Structures are given as structure tokens and as C-alpha cells.
Amino acid sequence: MKPYTLRVITIIKSIPAGSVMTYGQVAAVAGSPRGARQVVRILHALSGIHKLPWHRVVNAKGEIAIKDEESRSLQMLHLQGEGVVLNAEGRIDLATYRYIPMDIDDDMDMNRDEDEDIL
DNA sequence: CATTTGACTTTCG
DNA sequence: ACGAAAGCCAAAT
């Protein structure tokens, strides 16, 4: 198994229940800021591993990115079972549920508002 | 070897 | 906030 794949697996395994990460985030932490699609590929390969919280990985919009209806529903159920709530549009409040690995040891700038279209 | 494809992301209008 | 277009990277055709 490739190191990059192992890193991605490790990162995904580190996502706590009740939180989610975007593909881009995982890719960035794994060392490839533009490698979101590679994360996708790896998840395809590991889709059968239930040791891996693959359902805690969503796209940048906070939506479930899976194409397969069954897997999509399964992921939704898993998330709800972990306490993640979906809004009326079937999306996740990334501002609330996004998991941010803490690599910084200095002061952290909290309250990073996600999407403020208004203003 | 050139093209297409995909569970994506970002930017622009 | 949404849709379209361009970027990006690896595997499949």
C-alpha cells in the first residue's frame, strides 16, 4: 500500500464521531492540497472496510457526494446515528460539524464563519 | 500514447 | 445562493 494511501486512511480514522471532513481537507492534510479526487479514489478502493469511517467524509458543500443511492442513504443514516444533523436541503452545517485537526499549538483563531454570502 | 472519467474544489457571473 | 467553467490528479479505456 502506498504511503499516501496510508496517510489518508490514518487521517480518516482520526475523524471523531459527530464530525466530518471534506475531501479537500483530507487531501490537504495528507499532503496533496489538490488531491481531493485521489482521496475519492482511495475511498472507492476501501469502501468495503468498515473499520474506516468513510461516511464522515463529505464534499466542500457539506453534501453527501456518493452517487450510489444505497451507499448515500447508508452514509446519511450513519451520520445521523452519530449526532450529525442535516438541514432542510439535506446538507451538513460545515461551520458546526467540520473536524479541524489541530496541528497548531499556538493560539487558535476560533469562530471561522463558513459561508457568509450576505454582507 | 491520447481521451475520458470521477464519492472534488474554486472562482466568476 | 446557484450554475457554469476551469483546475487538478490518477486510473481506466
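All values derive from a computational prediction rather than experimental measurement. Basis for what follows: all heavy atoms, side chains included, without hydrogens, waters or symmetry-related copies. All chains are named by letter (A, B, ...) in the order of the sequence lines, taking the proteins before the strands, and each is independently numbered beginning at 1.
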Report summary line: Note: Y97(A) and G83(A) closest approach over all heavy atoms is OH-O, 3.8 Å
Report summary line: The nucleotide from dC2(C), dT9(B), dA10(C) with an atom nearest the side chain of Y23(A) is dT9(B)
**Report entry** V29(A), T22(A), T5(A), V26(A) screened by side chain to side chain contact (heavy atoms under 4.5 Å, CB included) with V39(A), the one that passes
**Finding:** V26(A)
**Report entry** Between C1' of dG3(C) and NZ of K61(A), the distance in whole Å
**Finding:** 10 Å
Report task. Report the distance from atom CG of N59(A) to atom P of dG6(B), rounded to the nearest whole Å. Result -> 16 Å
Report task. Would you give the length of the straight line joining atom CD1 of I9(A) to atom OG of S14(A), rounded to the nearest 0.5 angstrom? Result -> 12.0 Å
Query - Rounded distance (Å) that lies between atom C1' of dG6(B) and atom CG of L43(A) - result: 13 Å
**Report entry** Nearest-angstrom distance from the residue atom CZ of R98(A) to P of dC8(B)
**Finding:** 17 Å
**Report entry** Along DNA chain B (nearest heavy atom to each residue), the more 5'-positioned of Q38(A) and G24(A)
**Finding:** Q38(A)
Requested in this report: Starting from P on dG6(B), measure out to CG on D68(A) and report it in whole angstrom.
Outcome: 12 Å
Requested in this report: Please work out which of the three classes, parallel, tilted or perpendicular, describes the rings of W54(A) and H78(A), given edges at 30° and 60°.
Outcome: perpendicular
Query raised in the report: Can you tell me how far C1' of dA7(B) sits from CZ of R91(A), to the nearest Å?
Result: 17 Å
Query raised in the report: Is a donor-acceptor pair below 3.5 Å formed from side chain R37(A) to base dA10(C), judging by atom type as modelled?
Result: no
Query raised in the report: Just how far is it from atom CZ of R41(A) to atom CG of L46(A), taken to the nearest 0.5 Å?
Result: 12.5 Å
Requested in this report: Identify which nucleotide among dA11(C), dA7(B), dT9(B) has an atom closest to any side-chain atom of R41(A), counting heavy atoms from C-beta outward.
Outcome: dA11(C)
Requested in this report: With heavy atoms under 4.0 Å as the rule, sort T22(A) into base, sugar-phosphate or nothing.
Outcome: sugar-phosphate
Query - Verdict with reasoning, L86(A) to M76(A), per side-chain contact (heavy atoms from CB on, under 4.5 Å) - result: CA-CA 9 Å; L86(A) 303 167; M76(A) 187 193 327; 3.2 Å; yes
Query - Protein-nucleotide distance (K67(A), atom NZ; dC8(B), atom C1'), rounded to Å - result: 11 Å
Query raised in the report: Under 4.0 Å between a side-chain N or O of R56(A) and OP1 or OP2 of dA7(B)?
Result: no
Query raised in the report: Are E63(A) and K61(A) within salt-bridge range, i.e. N to O under 4.0 Å?
Result: no
Query - Dot-bracket summary - DNA chain C, pairs being Watson-Crick or G-U whose distances fall under 3.5 Å, with | when paired to another strand - result: .||||||.|||||
